[in-house]
Novice: 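Just passing along the structure, written as structure tokens.
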Amino acid sequence: MTERFISTKKRNVSLHLLPTTKYYNAYLTLSIVNKGMVIDQYIFSFIARLLGKVGGVDLNDFEKREKLCQLYGASYTFSINQKGMDQIASYSIKVVQPHFLKGKESPSWKALKLLSDLIFHPSRQDGWVFDSKRIKEEIETFRHTMKRTYSDPSSILKSRCLSYMGYDSEKIDFSSVSQESKSPIQEDHIYEAYEKILRLPIHIHIIGDVNPNDYSDEVLSWFTSPSPKNSLENSFESLDRANSKLLKNKQHSLMIEHGNFHQCKLSIAYKTHVTYGSPNFAALFVFHKLFASGPMSKLNFELRRRKQLVYEVMSELDRFRQLIHINTSTTVGNTADILLIIDKELKLIAEGRLDKEEVTRAVEGVLHYMKVGMDLPEQEIDVHLDQCLTETNMNSADFIELINTVTVEEITQIANNLEKAITWVLFPNEPVDKSGKGA
């Protein structure tokens, strides 16, 4: 898909249309961006879930399903994700778009109106209205969900590393999810937070056989807050100034923590110093695929298949924070060997000691992922949202072209510029196998 989105904006709401006859369905996604987590991450996640699952007091579950059925059996999903320092609440509808239904009669137009009902229906001119009983139910459900998430050692490791590097919003308050503590969500705070959420940046994406003239100011007005208050731009500016101080004057540290874990967990965070959409961004993707991502990466081959030192090797490219996270699970006796091998494999890449075959395989792996994504409207929407958040213009076609031109020299440059920020190891309290004779 090489077409470009047509974008318009009104206050905090941006509408992005991609007219195309490639699909029989139309794809609509509304994304609310908690930029820099200016709203508490727990509160934002809770309200985003509440809107996604419940919606307004006058639109119950049965009525919501009925409206979707009336739209030729449209499907509805919602999710909460994170891109760097931004939380994203996304609400999506996929609906058939017959060519003979146009304007206000088209299913996509009606689906967009339904999305506005789900998100803005609780609002009233005299205040904000939610179903109090459902709020209490969702608070309890949310608390249990958080407890499961934050008892996961991988979540603990990532939180520890990011918090150490200065990302205070990533610091998990484990006391807030303990069995004895109160929920971090209080009902009397929900309405004030909801009013603020409506003034956050909102991006609406539509892909399908749509006419841009049908989506005018009337449609944008569905999603603009009735509140007379200003946007949260001043809050975003203060966050930008605070974030500019991150990751500075910090030397690499090795942190060791003991706890109630079943396995030894090891995490390394590297700074890439590569910004989203920069000329060497494509080389970063190839390097990551070659070094640590997937079963054919160097670390998976050496640590898991060849040396059998780990149960698993997981890697995440945090392209918005300019970080790479590498996580492994192993026995205590293998930790030192694992760290040495990781350093050795990175050094080999930095010295350019690469086989042409493995470089080609890494390039092809990235290309396959991107080309499959070009046929998925959902991924095209996600890529364009990335562009909006980073204020770049590189689309999927541009990125694929850059991937095809990545050289060994560019990969070695990425490796040489990689900076190890923090290594964090979680050791079990109980006596475990320290023989180091494999995982």
Novice: Check whether any side-chain N or O of Gln97 sits under 3.5 Å from a backbone N or O of Ser108 as a donor-acceptor pair, and report yes or no.
Specialist: yes
Novice: With distance as the sole criterion, is a donor-acceptor pair present between the side chains of Thr392 and Tyr276 under 3.5 Å?
Specialist: no
Novice: For Lys196 and Asp40, run salt bridge (charged side-chain N to carboxylate O under 4.0 Å, His left out): C-alpha distance rounded to whole Å, both residues' side-chain angles, the deciding distance at 0.1 Å, then the answer.
Specialist: CA-CA 11 Å; Lys196 291 181 179 179; Asp40 178 84; over 6 Å; no
Novice: Donor-acceptor check, side chain of Asn300 to backbone of Gly294, threshold 3.5 angstrom: yes or no?
Specialist: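 Yes; judged by distance alone, with no hydrogens or angles, the pair exists.
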Novice: Say whether His205 and Ser31, considering side chains only, have a donor N or O and an acceptor N or O under 3.5 Å apart.
Specialist: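 His205 vs Ser31: no donor-acceptor pair found between side chains.
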Novice: Assess the residue pair Lys83 and Asp386 against the criterion (salt bridge (charged side-chain N to carboxylate O under 4.0 Å, His left out)); give the C-alpha distance rounded to whole Å, side-chain angles, the decisive distance to 0.1 Å, and a yes or no.
Specialist: CA-CA 8 Å; Lys83 294 178 182 290; Asp386 291 350; 2.9 Å; yes
Novice: Assess, by modelled atom type and distance only, whether the side chains of Glu140 and His144 contain a donor and an acceptor separated by less than 3.5 Å.
Specialist: yes
Novice: Find the distance between CD (Glu312) and OG (Ser154) and round it off to the nearest 0.5 Å.
Specialist: 6.5 Å
Novice: Are side-chain N/O atoms of Asp209 and Thr21 paired as donor and acceptor at under 3.5 Å?
Specialist: no
Novice: With rounding to the nearest 0.5 Å, note down the distance linking CG in Leu30 to CG in Leu112.
Specialist: 7.5 Å
Novice: Are the side chain of Ser45 and the backbone N or O of Tyr42 linked by a donor-acceptor pair below 3.5 Å?
Specialist: no
Novice: Tell me, please, whether Phe142 has Arg49 positioned over its six-membered ring: NZ or CZ under 6.0 Å from the ring centre and within 45 degrees of its axis?
Specialist: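 The answer is no; the distance or angle limit is not met.
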Novice: Does the ring-ring contact (aromatic ring centres under 6.0 Å, His included) test come out yes or no for Phe285 and Tyr369, once each step is laid out?
Specialist: CA-CA 11 Å; Phe285 261 72; Tyr369 169 79; 7.5 Å; no
Novice: Are there more than 12 heavy atoms of other residues, nucleotides or ligands under 6.0 Å from atom CZ of Phe320?
Specialist: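 Enclosed.
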Novice: Under a 3.5 Å distance rule, please check whether Asn416 uses its side chain to pair with a backbone N or O of Thr412 as donor and acceptor.
Specialist: yes
